[in-house]
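Each ligand, and each atom within it, is numbered from 1 in the order the structure gives. Everything numeric in this text was worked out from a predicted model, so none of it was measured.
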Amino acid sequence: MIKFLLNEVESQLSPEDPHGSVLDYLRETLQKKGSKEGCASGDCGACTVVIGETVDGGMQYRAINACITPMATLHGKQLITVEHLKQGDTLHPVQQAMVECHGSQCGFCTPGFIMSMFAYRKSHAHPDREAICEALGGNLCRCTGYRPIIDAAAQMFESPLEDQFTSAEEKTLSALQAIAGGGDGAELALNNGEKSYFSPTSVSNLAYLLQQHPEAKLVAGGTDLCLEFTQFLREFNTLIYTGRVVEMLRVEETGSAIEIGGAVSFSDCAEALVRHYPDLEELLARLGSLQIRNQATMAGNVANASPIADMPPVLIALDAQLLLRCGEETRLLPVRDYYKGYKETAQAVSEFIERIIIPKPKAGYDFRVYKISKRLEDDISATCGAFYIKIEGGVVSDARVAFGGMAAIPARAGNCEQALIGQAWNEQTIEIAMTALAEDFQPISDFRASAEYRLSVSQNLLKRFYLELESTADQLRVTHYA
Ligand SMILES: Cc1cc2nc3c(=O)[nH]c(=O)nc-3n(C[C@H](O)[C@H](O)[C@H](O)COP(=O)(O)OP(=O)(O)OC[C@H]3O[C@@H](n4cnc5c(N)ncnc54)[C@H](O)[C@@H]3O)c2cc1C
Ligand code: FES
Ligand code: FES
């Protein structure tokens, strides 16, 4: 039985389909039609709802895409829907600001925008235009134009934050804590005779379940996996959710590494990563939308084995390792050895990523990553290049260069690296290394970019890296488009 709060009402659900989405539950089961289905792939934001969770003894509210979130993953959480914002005849301050700023025309996108704005209002004390744009980057509107909507998001701060959720916070917290702590509420298992769903809360139980059900598919944020359901109409018999496995929800630091648990979302690990690698800030802000980053995990990004995923080239350049677990056995595997072929990995049956271990920056090294995509926000890379290089006394003493989008797997550019190591750090060396890069990859042409473009832009990224290091000119850090 899934136990959750639907707005402020304690609810229990034995869903007909244990893998069904939050959006289907709202629109089909409850006939709540406020949340819309635009794309069913996490791109448009029309289905945005807000999830309330207990964090450090308080409530945290985040926007997510209901179309690609399995309903069962809401066990122990609060689901806030657009229908619940208005109290009697009084609009919520977010809705009132949208009306006053003329932020809606046909209205299809409006509930999704309202929910993203609501989550932003609940987690920020003051408006910041850039942060508002980032918070709304996963919501598309085809009629109004974004200025009135952004104005509304700023104006909503003129009303006090207190609303029905603030007044009910104590009650909400104790209801959610009761589900988390309560007997059968802790672990969750659903079965409708054909499909099963498990939600373990410890890494040993996860490992045990995967051994009992070697055919099972893990689901973390679901932002890759759930597209299999909505876009390709695939079905799996068994899903095992990682999002409540306590040990895998931690970000820990040792003297030499940042360790990201296998169920940690990008929203939850961004701060630690950017603190050590400031150049990751832009990449992480451009990985999907805020709704996606609130759900998507780094482990899912790695395990999905897409050649155009953003993190693998970064992790390969930084020489990160995966802690893989199967039952009680664990092994460390460098990310560069994880990929075997297109969407093929070295992960064995019943094995999973427990943790990702990223070395902290070493003295004397420079790190940069560049994502090339057609749109700035919420777009997948045509190519993504990561560079980690040490220069001593004007000579390159070490170089790790990795690319995504250039081959069937994310990989290091061995010829390019060899052309750099031991050479003087100058334009001539860079030109030679750019030529060598052509021997590393034979990229394909697809709707994101042609093979020629991919190669030429990747060579130019190496040059850009050189120029950035040579000048302190931050003005060079403009965004490039494919
Ligand atoms: C609209 C949209 C925009 C996107 N934009 C980007 C982008 O800009 N850049 C980018 O790189 N990606 C992007 N993605 C892809 C996706 O969000 C990421 O790859 C994300 O990190 C996947 O993580 P997840 O937790 O959602 O994985 P899930 O979908 O839950 O799982 C993905 C795969 O990993 C497996 N898996 C999950 N956890 C583990 C584990 N611990 N051990 C072993 N296997 C595991 C699952 O079984 C599944 O096969 C986008 C997706 C959408 C829908
Ligand atoms: S329907 Fe478009 S993001 Fe969910
Ligand atoms: S108001 Fe019509 S899509 Fe936004």
Side-chain angles (χ1 to χ4, degrees), residues 21-23 35-49 64-70 73 98 102-113 138-146 148-149 203 206 210 216-228 230-231 236 239-243 245 248 261-266 283-289 291-314 322-325 338 343 345 347 350-356 371 373 375 377-381 384 404-405 410:
S21 73
V22 173
L23 190 61
S35 311
K36 303 289 185 279
E37 181 174 74
C39 63
S41 60
D43 283 294
C44 74
C47 65
T48 304
V49 291
I64 62 151
N65 297 121
C67 64
I68 51 169
T69 303
T73 64
M98 197 71 148
H102 306 286
S104 178
Q105 284 188 37
C106 82
F108 188 82
C109 68
T110 310
F113 270 103
N139 292 83
L140 302 182
C141 175
R142 65 203 160 157
C143 9
T144 305
Y146 295 100
I149 300 174
V203 76
L206 169 61
L210 259 181
K217 205 70 186 146
L218 286 185
V219 56
T223 61
D224 277 316
L225 187 75
C226 292
L227 270 63
E228 298 277 336
T230 64
Q231 308 300 298
F236 299 99
L239 288 186
I240 305 180
Y241 179 50
T242 61
V245 175
M248 286 167 58
V264 174
S265 70
F266 282 109
L283 183 76
L284 292 174
R286 291 178 57 197
L287 198 151
S289 59
Q291 288 96 318
I292 293 293
R293 295 191 294 280
N294 285 341
Q295 297 270 87
T297 62
M298 192 184 290
N301 197 247
V302 171
N304 193 52
S306 163
I308 48 173
D310 285 334
M311 284 313 289
V314 170
L322 303 175
L323 179 71
L324 295 170
R325 174 179 286 267
Y338 183 68
K343 290 246 168 192
T345 72
Q347 192 174 288
S350 299
E351 200 171 38
F352 62 97
I353 302 171
E354 182 174 337
R355 213 178 301 164
I356 300 168
K371 169 171 176 164
S373 59
R375 259 187 354 169
E377 282 146 346
D378 204 359
D379 200 3
I380 311 266
S381 300
C384 181

A.B. asks: Taking the side chain from Ser265 and the backbone from Gln295, do they hold a donor-acceptor pair closer than 3.5 Å?
C.D. replies: no
A.B. asks: What distance separates Asn65 CG from Cys226 SG, expressed to the nearest 0.5 Å?
C.D. replies: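 Spacing of CG (Asn65) from SG (Cys226) equals 10.5 Å.
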A.B. asks: Taking the non-hydrogen atoms of Arg286, is any one of them nearer than 4.0 angstrom to ligand 1?
C.D. replies: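 Yes; Arg286 lies near enough to ligand 1 that a heavy-atom distance drops under 4.0 Å.
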A.B. asks: Students should be able to answer this: which protein heavy-atom is nearest to atom 3 (C) of ligand 1, and at what distance?
C.D. replies: Asp378 OD1, 3.5 Å
A.B. asks: Purely on distance, is any nitrogen or oxygen of Ser41 under 3.5 Å from one on ligand 1?
C.D. replies: no
A.B. asks: Polar-atom distance check: Phe266 versus ligand 1, any N or O pair below 3.5 Å?
C.D. replies: no
A.B. asks: When you measure from atom 34 (O) of ligand 1 to each heavy atom in Gly42, Ala303, Ala216, which option holds the nearest one?
C.D. replies: Ala303
A.B. asks: Do the side chains of Thr242 and Glu354 get nearer than 4.5 Å, heavy atoms only?
C.D. replies: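 Counting from C-beta outward, Glu354 and Thr242 never come under 4.5 Å.
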A.B. asks: Atom 4 (Fe) of ligand 3: which protein N, O or S atoms are under 2.8 Å away?
C.D. replies: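 Only Cys109 SG, Cys141 SG fall inside 2.8 Å of atom 4 (Fe) of ligand 3.
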A.B. asks: Tell me the nearest of Asp224, Leu322, Leu218 to atom 15 (C) of ligand 1, using heavy-atom distances.
C.D. replies: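 Shortest heavy-atom distance from atom 15 (C) of ligand 1: Asp224.
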A.B. asks: Identify the protein heavy atom lying closest to atom 11 (O) of ligand 1, giving its residue, its atom name and the separation to 0.1 Å.
C.D. replies: Asp310 N, 2.7 Å
A.B. asks: Is the closest N or O pair between Phe352 and ligand 1 shorter than 3.5 Å?
C.D. replies: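 No: no nitrogen or oxygen of Phe352 is under 3.5 Å from one in ligand 1.
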A.B. asks: Hey, is Met311 one of the residues with a heavy atom under 4.0 angstrom from ligand 1?
C.D. replies: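 Judged by the 4.0 Å heavy-atom criterion, Met311 does not count as contacting ligand 1.
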A.B. asks: Between ligand 1 and Asn304, can you find any atom pair, the residue atom being a heavy atom, that is separated by under 4.0 Å?
C.D. replies: yes
A.B. asks: Working note: Leu324 + Ile353, criterion side chain to side chain contact (heavy atoms under 4.5 Å, CB included); need CA distance, chi angles, decisive distance, verdict.
C.D. replies: CA-CA 5 Å; Leu324 295 170; Ile353 302 171; 3.7 Å; yes
A.B. asks: Considering heavy atoms of the protein only, find what lies nearest to atom 42 (N) of ligand 1 and give residue, atom and distance to 0.1 Å.
C.D. replies: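 The closest heavy atom on the protein side is Ile353 N, 2.8 Å.
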A.B. asks: With sequence neighbours left out, what residues match Glu37 under salt bridge (charged side-chain N to carboxylate O under 4.0 Å, His left out)?
C.D. replies: none
A.B. asks: Run through the protein N/O/S atoms less than 2.8 Å from atom 4 (Fe) of ligand 2 and write them out by chain and number.
C.D. replies: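 Checking every protein N, O and S atom gives Cys47 SG, Cys67 SG.
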A.B. asks: Begin from the C-alpha positions of Phe352 and Ile240 and carry the test side chain to side chain contact (heavy atoms under 4.5 Å, CB included) through to its verdict.
C.D. replies: CA-CA 11 Å; Phe352 62 97; Ile240 305 180; over 6 Å; no
A.B. asks: Less than 3.5 Å between some nitrogen or oxygen of Ala296 and one of ligand 1, yes or no?
C.D. replies: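 Between Ala296 and ligand 1, no N or O pair is found under 3.5 Å apart.
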A.B. asks: Look at ligand 1 and say whether Asn65 reaches it with a heavy atom at a distance under 4.0 Å.
C.D. replies: no
A.B. asks: Is there a nitrogen or oxygen of Thr297 sitting under 3.5 Å from a nitrogen or oxygen of ligand 1?
C.D. replies: yes
A.B. asks: Quick one: does Gly221 get an N or O within less than 3.5 Å of an N or O on ligand 1?
C.D. replies: yes
A.B. asks: Below 3.5 angstrom, do we get any N/O pair linking Leu227 and ligand 1?
C.D. replies: no
A.B. asks: Roughly how far apart are Arg375 CZ and Arg286 CZ, rounded to 0.5 Å?
C.D. replies: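 Here the interatomic distance stands at 11.0 Å.
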A.B. asks: For Asp379, which part has a heavy atom under 4.0 Å from ligand 1: side chain, backbone, both, or neither?
C.D. replies: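 Under 4.0 Å from ligand 1, Asp379 contributes backbone atoms alone.
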A.B. asks: I need the nearest protein heavy-atom contact for atom 28 (P) of ligand 1: residue, atom name and distance, please.
C.D. replies: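 Residue, atom and distance for the closest contact: Gly222 N, 3.5 Å.
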A.B. asks: What part of Ile292, side chain from CB on, backbone N/CA/C/O, both or neither, has a heavy atom under 4.0 Å from ligand 1?
C.D. replies: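 For Ile292, only side-chain atoms sit under 4.0 Å from ligand 1.
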A.B. asks: Among protein heavy atoms, which sits nearest to atom 26 (O) of ligand 1, and what does the distance come to when rounded to 0.1 Å?
C.D. replies: Thr223 OG1, 2.6 Å
A.B. asks: Judging by distance only, is a nitrogen or oxygen of Glu351 under 3.5 angstrom from one on ligand 1?
C.D. replies: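 Looking only at distances, the answer is no, because the N/O contact criterion of under 3.5 Å is not met.
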A.B. asks: Roughly how far, to the nearest 0.5 Å, is the CD1 atom of Ile356 from the OG1 atom of Thr297?
C.D. replies: 7.5 Å
A.B. asks: Any side-chain heavy-atom pair from Ile380 and Ser306 closer than 4.5 angstrom?
C.D. replies: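 No. Closest side-chain heavy atoms not under 4.5 Å.
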A.B. asks: Quick one: does ligand 1 sit under 4.0 Å from the side chain of Arg375, the backbone, both or neither, non-hydrogen atoms only?
C.D. replies: neither
A.B. asks: With only distance considered, is Asn301 within less than 3.5 Å of ligand 1 through an N or O on each side?
C.D. replies: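 Yes, there is a polar N/O contact under 3.5 Å.
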A.B. asks: Apply the test side chain to side chain contact (heavy atoms under 4.5 Å, CB included) to residues Met248 and Leu206: give CA-CA distance (whole Å), side-chain angles for both, the deciding distance (0.1 Å), then the verdict.
C.D. replies: CA-CA 10 Å; Met248 286 167 58; Leu206 169 61; 3.6 Å; yes
A.B. asks: To check you understand the geometry: which heavy-atom pair defines the closest contact between Leu283 and Cys384, and what is its length?
C.D. replies: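 Closest heavy-atom pair between Leu283 and Cys384: CD1-SG, 4.2 Å.
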A.B. asks: Has the side chain of Lys343 got a donor or acceptor atom that lies under 3.5 Å from a matching backbone atom of Asn304?
C.D. replies: yes
A.B. asks: Tell me whether Thr110 contacts the main-chain N or O of Ser104 through its side chain, where contact means a donor paired with an acceptor under 3.5 Å.
C.D. replies: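 Checking the backbone N and O of Ser104 against the side chain of Thr110, no donor-acceptor pair under 3.5 Å is found.
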A.B. asks: For atom 38 (N) of ligand 1, what's the nearest protein heavy-atom neighbour? Residue, atom name and distance, please.
C.D. replies: Ala220 CB, 3.8 Å
A.B. asks: Return the closest protein heavy atom for atom 49 (O) of ligand 1 as residue, atom name and distance.
C.D. replies: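 The protein heavy atom lying closest is Lys217 NZ, 3.3 Å.
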A.B. asks: Test side-chain hydrogen bond (donor to acceptor under 3.5 Å, both in side chains) on Asp43 and Ser41; report intermediate values, then the result.
C.D. replies: CA-CA 6 Å; Asp43 283 294; Ser41 60; 2.8 Å; yes
A.B. asks: Heavy atoms only: which of Gly243, Gly288, Ser289, Cys44 lies closest to atom 5 (N) of ligand 1?
C.D. replies: Gly288
A.B. asks: Is Met298 close enough to touch ligand 1? Criterion: a residue heavy atom under 4.0 Å from a ligand atom.
C.D. replies: no
A.B. asks: Considering heavy atoms of the protein only, find what lies nearest to atom 14 (N) of ligand 1 and give residue, atom and distance to 0.1 Å.
C.D. replies: Ile380 CD1, 3.8 Å
A.B. asks: Are any side-chain N or O atoms of Asn139 and backbone N or O atoms of Gly112, one a donor and one an acceptor, separated by less than 3.5 Å?
C.D. replies: yes
A.B. asks: Go through it in stages, so that I can follow the logic: the residues are Ile149 and Cys141, the test is side chain to side chain contact (heavy atoms under 4.5 Å, CB included), and I'd like the CA-CA distance, side-chain angles, deciding distance and then a yes or no.
C.D. replies: CA-CA 10 Å; Ile149 300 174; Cys141 175; 4.2 Å; yes
A.B. asks: Name all residues meeting the side-chain contact (heavy atoms from CB on, under 4.5 Å) criterion together with Ser21; count only those two or more places apart in sequence or in a different chain, and write none if there are none.
C.D. replies: Leu23, Asp24
